[in-house]
Novice: 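Here you go, one structure.
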Amino acid sequence: MSIIDIALAAIVVSMIIATYRIMRGPSGADRGSGSDVIFFGFVGLVAILGVRLETALLVDIVVVCTLVGFLAAISLARLTAGGKR
Amino acid sequence: MNSALLPLLVAAPLSVAGLLILTWLPLWLSRTLLLAPSAVTLVASTALLWQTRDGSMLSHNVALWAEGVSIPFVVDTFSALMLWTTSLLVLVCAAFAIAVGDDKASYFGPLVLVLSAGVTGALMTGDLFNLFVFIEVMLLPAYGLLAMLGSLRRLKSGRIYVTLNLLTSTIFLAGVALVYGAADTVNLGRLAGAAAESPMVATGMGVIILALSVKSAAVPVHGWLARTYPSTSPAVTALFSGLHTKVAIYAIYRLYAVVFDGDATFLWIGVVVFSLTMLVGVLGAVGEDTTRSILVFHMISQIGYILLGVALFTELGLMAGIFYLIHHMIVKASLFLSTGAIEHTHGTGALNRLGGIAKREPLLALIFMGAALSLAGLPPFSGFVAKLTLVAGAFQAGEWVAAVIAVAVSLFTLMSMLKIWGGVFWGKEPEPRRPVEEPQTEGNGATSVLVRPKVPTVMLIPGVVLAATTLSIGLGATVLLDLSATAAANLLDTSTYVEAVLG
Amino acid sequence: MISGELAGDLLMLAGALTFLVGALGMLRLPDMYSRLSGVTVSGASGTALILIGLLVHQPSWMNMLKVALALVIQLATTAVGGSAMARAGYLTGAPKADSTLFDDLVVEAEEDTNSEEHPGHTRPDNDS
Amino acid sequence: MTLAITIGVLVFGAVFLMLQRGLVRIILGFVMLGHAVNLMLMSAGGTFRRAQPLLGYTSADTASDPLPQAFVLTAIVIAFSITIYMLTLAATGTDDDTEDAS
Amino acid sequence: MVLLILLLVLAAAVIGTPLADRLLGRNAGWLLAAVLLALAGVVLSLAPSVLADGRSIEFTQPWMPQIGVELRLRMDGVGWLFTLLVTGVGALIMAYSTRYFPKGRRLGFYFLMTLFAFAMTGLVLADDVVLLFVFWELTTIASFYLIGLSGPSASRPAIRTFLLTAMGGLALLTAVVLMALRVGTTQLSVILADPVWSQDTAFATTVAVLVLLAAFTKSAQFPFHYWLPDAMAASTPVSAYLHAAAMVKAGIYLLMRFTPAFSDVAVWNAALITFGLITAVLGAVFALQQHDLKKLAAYSTVSQLGLLVAVIGVGTEAALVAATVHTLAHALFKAALFMMVGVIDHQVGTRDLRELGGLARRMPVSAGVTVLSVLSMAGIPPLLGFVSKENVFKGLLEAPGPEWAGALAGTAAVVASVFTFAYSFRFAHGTFWGSPRGTTDVREARTTFLAGPAVAAGAGLVLGLAVPTLNQLAERATADTAGGDHPAELTLWHGLSVDLFMSLAAIGLGAVLVWWTASGERLAGRTLFPVTGPTVFEALHEGVIRLGHRVGDLTRSDSPTRHLVVPILVLIALTVAVTVTGIDVPDHFGETTDTVDWLLVALAVVAVIGAVVTGSRMAGLVMVGIAGFTTALWLFLLGAYDVALTQLVVEILTVVIAALVLRRLPKRFHKVPRSRTVLTALVAAAAGVSAAMGAYFLTGRRDISETGQYFLDHSVEDTGGSNVVNTILVDYRAMDTLGELVVLGVAGLIIIAVLNSSGLLPSHGDRRVVVSRNSAAYDADDNTLIMRAVSYSLLPLLVIWSVYLMLRGHNDVGGGFIAGLVGGAGFALVYLAAPSAEVARIRLAYPMIIGVGILVAVFSGLLGYFDGSFLRPLHTELDLPLGDYAHITTALVFDVGVYLGVVGVILTALNQLGLDESRPGDSTLGIMAPTPDQPPASTPDQDPGNHPEDPLDVASNGGSR
Amino acid sequence: MTVKSVLIWILGILWLPVYLAYDLLVGSLRVGWEILTPGSQIAPAFVEVPLRCRTDFEISMMANLVSLTPGSLTVAARHDPATVWVHAMYAESHSSIIRYVHTIEDNLLRATRPEGIPPRPEDLDRDEEGQRR
Ligand code: NA
Ligand code: NA
């Protein structure tokens, strides 16, 4: 088990913990913040997996991932407030 | 027609659709633009029928890539027949929609045009995945049309329609995946006979055929159709009935012929399922109480008849099935449009709220009854030839039970048609619940007379066209029989088709 | 380059562990607002370390530019997303920890002219 | 093996959600089903060659099958189109409830 | 040729009726009578050739050669007789009709009567089984309308009659198909002469039963006899023609026609004789019971038809002579009788025996004509009916089978005749003699009115007296049916024979019955059977409808789930079937699993469990998002970068749009019972296993596909692009991509269209803001400041990034779709950050962007025709400064179209769904729709695209439609 | 603007990321310690902090910097007068939080204002009243 694998596992565990929070709530904002962790986790996963697979063009994908996370965070916050801006 | 021009039949309606989205045009012009592409397709497909009548084919590798790599567009007698009929129906149904004002709904024109482009593409393509795409092109506008026009139930129906179709499209796609996984290709020419040789391909194709069966509303996956079609507007129902399930049926015929090479191993399943479809559909129709719901259940029943043709997979059976298919598309649309004219004029299709219309609308009654008798398979209409050949085909193939069911079901078909006839055209006119038209005031305006609405002549024209078509197909059956026979021959021996796809 | 790769790996590991610590905050911290601080640990510190590790693995000027871009977006996401979520929670009455000392955002009852339309902190947002 | 398991798991979730009450859950089910089928298309192309089919980076002998990838790309966009339309339907009428109150 | 002319003249008459009716009104009947009379003359002129010389006239014209069906006509003796009946009696009735109806136009009646005459003539002349069937059904259809012409009260009887006779028609169709397939031709005369009937008893029996079913329904044999009295709702001319002389004889014709084939089939003989005689007796008894003259005549017809059927069933030469002559006799006296019923009804205003009596003095001619027909019916010499009845007795005595069969048959016939005598007496006596009842203000009918019945009745007398003239006909008809050369010896008197005594017995006992029942009065109105035909029919009909309703109930659900589960179950069944069958699959090709994969499996499991378990909509959405991201990672691992990126962006846009929708819905999902959850989980598990098995066993077991390798090897050379996936999308399979673009664009359009027609839900109360408006956290303008600043700085970045992705897509990760999605994401960002929906509303005509996108894509496809095909990319090398060059291809133009389409749709979704509350002027369906069943969008006087109920429409559609 | 102030400004721009990294590190360690060790020293509060920021960009940057630091979080913001409401996990007192935020603000304004930064309000207070609180 390499260093990278441990890192991967750590992130996946983090995501599972976040899942617990999303499921548990209790408030919508809790679910939202849990989701943020999930999305950040994906950014991390893509980065680490890319290194592990030694793939090119990785950074491009990471950039898109971060963008995507931003959108998700904002729209879930909006949803939490019932659409209130 | 030059085969390189085949893609234009798809491109033309799409570009007109784009134009209609883009610009605001005077009503007459946008209506003309709505009708023009299908008129062009009608003319083109007549030419194609002429070119392919001897069993030859037109094919074109779109974008001219290598064979097996390009998406092939192929037209043989069968697809030309379908092109002809579908474009006629689009033309007629769109005309009806214009007559009743449906075309003023948001984006009606572009949606219908895209729908017709999808149908055209699906009928011509020789590539499984491209078929999936064109089916989606055909479905997306349908999702909207179903949910934006019609009765109060249209939203609920819209939900059923979209989910069910999405499920089956997804299943179709899964089938494409399995076929590609097993057979290396999604090109129909390369897939020829693959399912007959490889059980893996057969399984994948089985999934695809299953999806197409759901889309064509075979029993037991028919409920969605009965539940959704009656709640949109009559013009849309007519359009859908002529296009959607029929493209699925066409695909079943084509795929079973080409990829299974008519493998007899699985035919019994079809015979059983489609016989049940005939029976369940017609019983459902008998039990319904509004014009359109009766007609919609019939459709299911008739789909059983049509598909029985491919399940027989004999020369006579295939010919009968194809003949039945064309006949059914025309007659069914005619019925939807003639009852639709009543629905639009009287505001309801409920049998117990209508009556005595034959006396006031003799022409309408004539159109309806012509189509209704045709549907029930009575001479001298096209339905008779269709039923006769199919029953003969079933007996010839030794499928006694299916043949007897086919015969018996037509009695129930007649029964439910008479239910409409007795409820809508004969019988007493119900008392109007509210003034149905502005009261005629005379002199001092003290007396007001309730005037029953009259179906505007313009709403009758589409039905007349189609009823005349079914009568002429019945009387001059030989032309369509010839074409069906050619189409059937091409399905029985697919070598020409395969050559065309790969050529 | 071997040491570079090792450095990258270690940076990534550090990032991942930091990420894990922040995520554990989701379990350990008492209210939504505190937990959002945990999220920041993961989203900002953890992810930043991983991204830097990535750059160390695949060093190039172009990548540096892109990683910088990714970092900026990531940090903005963490910050803006955290703020937005905190405010959304506040607006909908997400429960505050019992130990909360004071709240400058609460307006006095007499100032609250629209109290009938928007009844203050009466509806805890508890939908589970 | 792993891909097949993922597909199975996703289909389980998809079908479970599709058979629930309420259009939103059904839609979510469909989104998952779409993922499963897309993965199945990828699986059909084979998973033993996993290099990107970008010939600037990979040789044509090791790159993965690009055709299923093109299929999946198309399928994703089509599924997305239908999904947003279904979401629209969920926000019309009275509620997204798909069943009569029981 | 003469046969074709016969039919063509009739067809011309059919087509000409509208004109005749317009010009002559009810007097059009004279013209039609003349035509029919002329045709009858033609038929008579054929007598020497057909009857004397024993020739058959034939005619053939191709019709549907593909299935061997031709227009074959043939006239032999039987055909001659029936053609004569149809045209002759038809002429009389047409003439009669001119005075039966009040003045005015009678288009429907004349049209249908002529059509019927045409159909009936075609039926008896057809020498092709398919043609025969066509005409058979045409008579049914004409009958249906003719009955229905009588108004609302006739509609049920018409429908009942139609359905019953149509059922027989279907039996005939089946028989036709079986015969044609077995014998290999549809030519009737060839089929009848085929040896198969004697060789294959089972086949012969099957077809015989089918044919007799058809004949029984058409000729009103027990237990189908009831339709005939039921059909008396029709007007009298119709009854006289269809229900006495012609249509009901179609069954008799059919039986006679098929006698050559089935005369040796035991079931055929037995069924015909048994059911015929039962019908004869029952009909006669019922006839005696009637008060209504027309019903009496109808039951009498039933009874007489029974005798005919029975005697045909005997099948001997003598029997068939009897059948031939009795057919003629019955047509004459019954048509006359029906017409007289009409005369009486017309002149007196009633046809109820209880209100009639003593009319002989006022209507002497009518009385005379009636008596002539009644005597023939009762079998009194010297009328034709006497001769024919006696021949029937004689024929029946020859019934095949055991010794007693003939005696029994004869006795039954005598019993029927006893009742026949009695009701005949009742008819004439009750009307014209006895005590005068009801109105006394009755006058004799006009001569023109009486001409028809008088001729028919008179013919019965003349032919009775000159009965030997019919010998030739009888001989020829017998030769056509029973075969052989049987000399017919028709005469009024042929000595003291058994049949004479039977006749005498019938008359004598009949007189006794008259006396005993007070000429039927005592029997009239009594219920002999617990049920009547129509009630049984209606009960069955109702039963079928109820069954149908049940069948409909199986799928009568608005819940998508009920419909979705079925295909899933079928798919599971398919898996089970394939598994049970077991198919051989090759081993997996290469290494298919990487250890990292398991990580993704774990994530998928977590996401799925979460999505399945949670009751919170938001959590559900996020869980599905996780599944989507896991999928993206999978794609990433499998080397599908383009796809992974697309998946990522699509996933997030799905979440964004779903969030816009979810806020309009309750926080929690709807609850379902636990039992359902368990069931659902089982189905889902089965489906999951099926899918996994499919993926495991059926994929990944071959090398890279030939096609796939082709793309890898040729894409650079073919298209100049090194991003192979992109070259497939925009070059090789651009047709797919065009379709995909259209799908996406249409999704945008239908979102607008549906919302225009149905409105959008307002935000749901579940998510109400609970903080005071005065709180610093409340104000939107201030608090969106942070987001705004960030979004506005990210937007240009995203736009540049997206254009970069598009431009490089042909060679590197990117392409129109991804680029469009990224650009769209940028707009989404700005949209979400805006302080209010009004500010956020993106002031671009987004549906127009969709339209432009589609047009650009199609246009770039059309450019391909310069190189020979639609969507063929054109290439050029563009010289750039510094010695560089750029490879320009129209595929890029195509990608621009794609880009525009994608952006347009995302803008559409955001703007349509993102409004803070439901749009002003929007309303939920219930308020908007004026009345149920009326399509709201089809109000005729509405401008296109301008929906008055939606003032925001123009804006929300981006100013166009 | 003098050369010196421009130099200070450029230094400020360069310093900001370093300061951010430092703040991030410290905050992360503090929150991480809180998470990983049993017991709780959390004393949260919502604090209103008046700002010297003028532009939307400055306010937004400010709010984001606060949020980025683990342990503090911007819950609400106001444009005029520029104010942020901060949720702080360790709020010993009102003023400590305000001072903490103002320190961040100093570092931000050094990067955004070539002309130099205005004094903190609490320092202004001292100047006016002549004594330290
Ligand atoms: Na997707
Ligand atoms: Na923070």
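What's counted below: heavy atoms across the whole structure, side chains too, no hydrogens, waters or symmetry copies. Reminder, nothing fancy here: chain letters follow the sequence lines and each chain counts from 1.
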Novice: Taking the side chain as everything from C-beta on, heavy atoms only, tell me whether B:P7 gets closer than 4.5 Å to E:L871.
Specialist: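 Answer no - side chains too far apart.
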
Novice: Could you have a look at E:P560, E:P873, E:P152 and say which one has the most heavy-atom pairs with chain B under 4.5 angstrom?
Specialist: E:P560

Novice: So do the side chains of B:F134 and E:V742 get within less than 4.5 Å of each other, counting heavy atoms only?
Specialist: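 When only atoms from C-beta onward are counted, E:V742 and B:F134 do not touch, as no gap falls below 4.5 Å.
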
Novice: How long is the gap from CG on B:L155 to CG on E:D558, to the nearest 0.5 Å?
Specialist: 11.0 Å

Novice: If I take atom CZ from residue B:R154 and atom OG from residue E:S758, how far apart are they, to the nearest 0.5 angstrom?
Specialist: 4.0 Å

Novice: Rounded to the nearest 0.5 Å, how far does OG of B:S106 lie from CD1 of E:I751?
Specialist: 13.0 Å

Novice: Can you tell me how far CG of B:N187 sits from OG1 of E:T707, rounded to the nearest 0.5 angstrom?
Specialist: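 Going from OG1 on E:T707 over to CG on B:N187, the span is 8.0 Å.
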
Novice: Looking at E:T737, E:V130, E:I854, which one has more heavy-atom pairs under 4.5 Å with chain B than the rest?
Specialist: E:V130

Novice: Sequence neighbours left out, what pairs pass salt bridge (Lys or Arg N to Asp or Glu O under 4.0 Å) with at least one residue falling in residues 736-754 of chain E?
Specialist: E:R733-E:D736

Novice: Is there side-chain contact between B:R190 and E:E706, with at least one heavy-atom pair below 4.5 Å?
Specialist: yes

Novice: Using 30° and 60° as the class boundaries, would you call the ring planes of E:F144 and B:W421 parallel, tilted or perpendicular?
Specialist: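 Correct class here is tilted.
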
Novice: Answer yes or no for E:R156 and B:W426: cation-pi contact, defined as NZ/CZ to six-membered ring centre under 6.0 Å and angle to ring axis within 45°.
Specialist: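 No - E:R156 does not lie over the ring of B:W426 by the 6.0 Å and 45° rule.
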
Novice: Between E:I141, E:T699, E:I850, E:D553, which has the largest tally of heavy atom pairs under 4.5 Å with chain B?
Specialist: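 Most heavy-atom pairs under 4.5 Å with chain B: E:I141.
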
Novice: Main chain of B:A4, side chain of E:Y865: is a donor-acceptor contact present, judged purely on distance under 3.5 Å?
Specialist: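 Present.
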
Novice: CD1 of E:I159 to CG of B:L414: how many Å apart, nearest 0.5 Å?
Specialist: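 So the CD1 of E:I159 and the CG of B:L414 are separated by 9.5 Å.
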
Novice: Step by step, would you call B:L378 with E:F162 a side-chain contact (heavy atoms from CB on, under 4.5 Å)?
Specialist: CA-CA 12 Å; B:L378 285 162; E:F162 195 0; 3.8 Å; yes

Novice: Using a 4.5 Å cut-off on heavy atoms from C-beta on, say whether the side chain of B:V62 contacts that of E:Y732.
Specialist: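 Not touching, per the 4.5 Å side-chain cut-off.
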
Novice: Under a 4.5 Å heavy-atom cut-off, does chain B meet the side chain of E:L698, its backbone, both or neither?
Specialist: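 It is both, since atoms from each part get that close.
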
Novice: Is any side-chain heavy atom of B:T478 closer than 4.5 Å to one of E:Q66?
Specialist: yes

Novice: Apply side chain to side chain contact (heavy atoms under 4.5 Å, CB included) to E:T174 and list each qualifying residue two or more places apart in sequence or on a separate chain.
Specialist: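 Only B:F395, B:V407, E:L178, E:L210 meet the side chain to side chain contact (heavy atoms under 4.5 Å, CB included) criterion with E:T174.
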
Novice: Tell me, do B:L164 and E:P567 make a side-chain contact under 4.5 Å, heavy atoms counted?
Specialist: yes

Novice: Set out, in order, the CA-CA distance, both residues' side-chain angles and the distance that settles ring-ring contact (aromatic ring centres under 6.0 Å, His included) for E:F133 and B:F384, then state yes or no.
Specialist: CA-CA 10 Å; E:F133 175 77; B:F384 164 66; 5.4 Å; yes

Novice: Could you measure the distance from the NE2 atom of E:H563 to the CG atom of B:L225? Nearest 0.5 Å is fine.
Specialist: 10.5 Å

Novice: Heavy-atom distances under 4.5 Å only: say whether E:I545 touches chain B with side chain, backbone, both or neither.
Specialist: both

Novice: Going by atom types alone, do E:S705 and B:Y180 pair a side-chain donor with an acceptor below 3.5 Å?
Specialist: yes

